[in-house]
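Heads up, the thing below is written out as structure tokens.
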Number of protein chains: 2
Amino acid sequence: MAARTYGQYDGVSTAIELIGERWALLIVRDLLVGPRRYTDLKAGLPKIPTNILAARLKELQAGGVVRRAPIAKCGLVYQLTPYGAALEPIVLALGRWGFAALDERTDDEELTADGLTMALRSAFRPEEAAELPATDYEVRVGAVAVRVRVAEGRLRSWQLAPPAPPVGGALPAEAADLVISGGAGLRRLLSGDIRPAEAVADGALALESGDPALLERFATVFRIDPVR
Amino acid sequence: MAARTYGQYDGVSTAIELIGERWALLIVRDLLVGPRRYTDLKAGLPKIPTNILAARLKELQAGGVVRRAPIAKCGLVYQLTPYGAALEPIVLALGRWGFAALDERTDDEELTADGLTMALRSAFRPEEAAELPATDYEVRVGAVAVRVRVAEGRLRSWQLAPPAPPVGGALPAEAADLVISGGAGLRRLLSGDIRPAEAVADGALALESGDPALLERFATVFRIDPVR
DNA sequence: CCGGATCCGAATCGATACTG
DNA sequence: CAGTATCGATTCGGATCCGG
């Protein structure tokens, strides 16, 4: 295990020895959304071999990034330690950087609930949201659906499909103010590549319910600017 | 090459498909210091197999992260594209995160000039430096020596040993205001684990030349706070 | 020396099957 | 649910070699 080391003494090398192995950062990404059970992780990372998942979880625990905790009633969850949770701004920034290289989705690529949740988090702009009234959005892409609430410059999220335990408190009972769905259009909207009205006219984005004017607000609060 | 994909459609997955392969981010780290030739990279990454270096450089070029450019008089260099250069804040943050997990240096780990340069960059605090008079520091750790100038809230760096082409303009002719050397002491100083005076008293850090009072200033301008 | 390409054994990864 | 075990396919690492 120490045989495959980089042999360098510095922060970057140490960091990628902790979280640079294949699949490791995607496990961290999912755990940033909330604690997850072994089976949840496996479902959220459909292409990970089960032995690799087991191996990574052990390494991440040994590195102090992840902790294994028994949960109230039967079962156990993996969760980030405070040290692991400190990766959040890095993973979000990496998500923004990689977002710029995204092209059209192909059939063998899928978007998971945790992937969408983190994408929305990485696109969230607190400064823009600070003065706006509290608003609930529901975003659907294929089979996944995420509910986000923007209030007081902060973002909270819940996963509706597949359902995951609420991480931002109890899921609000009432319907979202705006419900949108669509894959390709969402990416182009977040990148500022297309205006909200165009996205809807195109059919790239569908307005399921809610005031169409709220889509402008959504596009203001959630955006990932192209890298330079 | 597309066989080993994560099969997910999101920014984080895309990012680590571009720069998540073994050694890739260390190549980026070195290129963030300045353009490097194949042999420079090999020297700065002593343990990288040459075929892996060649393979990574090709992948990074294919991904639009690195560009290969012929240099003025014979030879060619690799340099980051603007898209690759946008990784700087991420690599610096990762360096700070990993720094927290650094323990004592072992004999098989070495600190390279580019590693030290990036460590100092990641530790630099512009806010603290904004109001301070321009100051030059020279930092020596083992066989590597780096010269940094803090002026007007900005940081510039040059590599003295092993010498690399100046990336922040011409190397100042005059001697640095403060010259310090020492390995273990530097890490503990940057982490705030030890006070400047103690570090010198310990012998963990040596003051080669300059006003000892400047060491306090150094410790203020360069610091990596423990993660939470 | 620079900028790689080639070859080969060792370690890791990926897919599937299996178990407490 | 939470993983191990097994095994073939890849990749990595180390060394050598080669054209300019």
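When reading the values below, keep in mind they use all heavy atoms of this one structure, side chains included, and skip hydrogens, waters and symmetry mates. Lettering follows sequence order; numbering is per chain, from 1.
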Round to the nearest Å and state the distance from A:L53 atom CG to D:dC1 atom P.
-> 14 Å
Roughly how many Å is it from CD1 in A:I48 to P in C:dG14, rounded to a whole number?
-> 8 Å
Whole-Å distance between D:dT11 P and B:E17 CD?
-> 13 Å
Per atom distances to the B:T50 side chain, the nearest of C:dA15, C:dA17, C:dG4 is C:dG4
For atom CD1 of A:I52 and atom P of D:dC7, their distance in whole Å | 17 Å
Which of the following nucleotides, D:dA2, D:dT4, D:dG14, is nearest to the side chain of A:R37?
-> D:dA2
Less than 4.5 Å apart, any side-chain heavy atom of A:T112 and any of B:Y9?
-> no
Out of C:dC13, D:dG3, D:dG13, which nucleotide sits closest to the side chain of B:P49?
-> D:dG13
Is the phosphate of C:dC13, meaning OP1 or OP2, less than 4.0 Å from a side-chain N or O of A:R56?
-> yes
If you find the nucleotide of DNA chain C closest to A:E21 and the one closest to A:K42, which residue's nucleotide is nearer the 5' end?
-> A:E21
D:dG13 C1' sits how many Å from B:W23 CH2, rounded?
-> 10 Å
Presence of A:Y78 side-chain N/O under 4.0 Å of D:dG3 phosphate oxygens OP1/OP2 = yes
Take atom NZ of B:K47 and atom P of C:dA11, then tell me their distance rounded to the nearest Å.
-> 14 Å
B:E21 (side chain) donor-acceptor with A:R22 (main chain) under 3.5 angstrom = no
Does the base of D:dG14 carry an N or O that pairs as donor and acceptor with the side chain of B:N51 under 3.5 Å?
-> yes
Under 30°, 30 to 60°, or over 60°: which ring-plane class applies to B:Y83 and A:W97, parallel, tilted or perpendicular?
-> parallel
Quick one: does B:R105's side chain have a donor or acceptor within less than 3.5 Å of a partner on B:E109's backbone?
-> yes
Round to a whole Å and report the spacing from CG of A:L45 to C1' of C:dG14.
-> 14 Å
Please test B:R36 against B:D114 for salt bridge (Lys or Arg N to Asp or Glu O under 4.0 Å), starting from the C-alpha separation and ending with a verdict.
-> CA-CA 11 Å; B:R36 293 284 182 265; B:D114 289 337; 2.9 Å; yes
Can you check the B:E59 CD to D:dC12 C1' distance for me, whole Å?
-> 12 Å
Does A:R4 put a side-chain nitrogen or oxygen below 4.0 Å from OP1 or OP2 of C:dA10?
-> no
Describe the nucleic acid contact of B:L76 in one word from base, sugar-phosphate, nothing, applying a heavy-atom distance below 4.0 Å.
-> sugar-phosphate
Taking the side chain of A:A54 as heavy atoms from C-beta outward, which of D:dA2, D:dT4, D:dG13 is closest to it?
-> D:dT4
Does a nitrogen or oxygen in the side chain of A:R22 sit under 4.0 Å from OP1 or OP2 of D:dT11?
-> no
Is any side-chain N or O of A:R68 closer than 4.0 Å to OP1 or OP2 of D:dG3?
-> yes
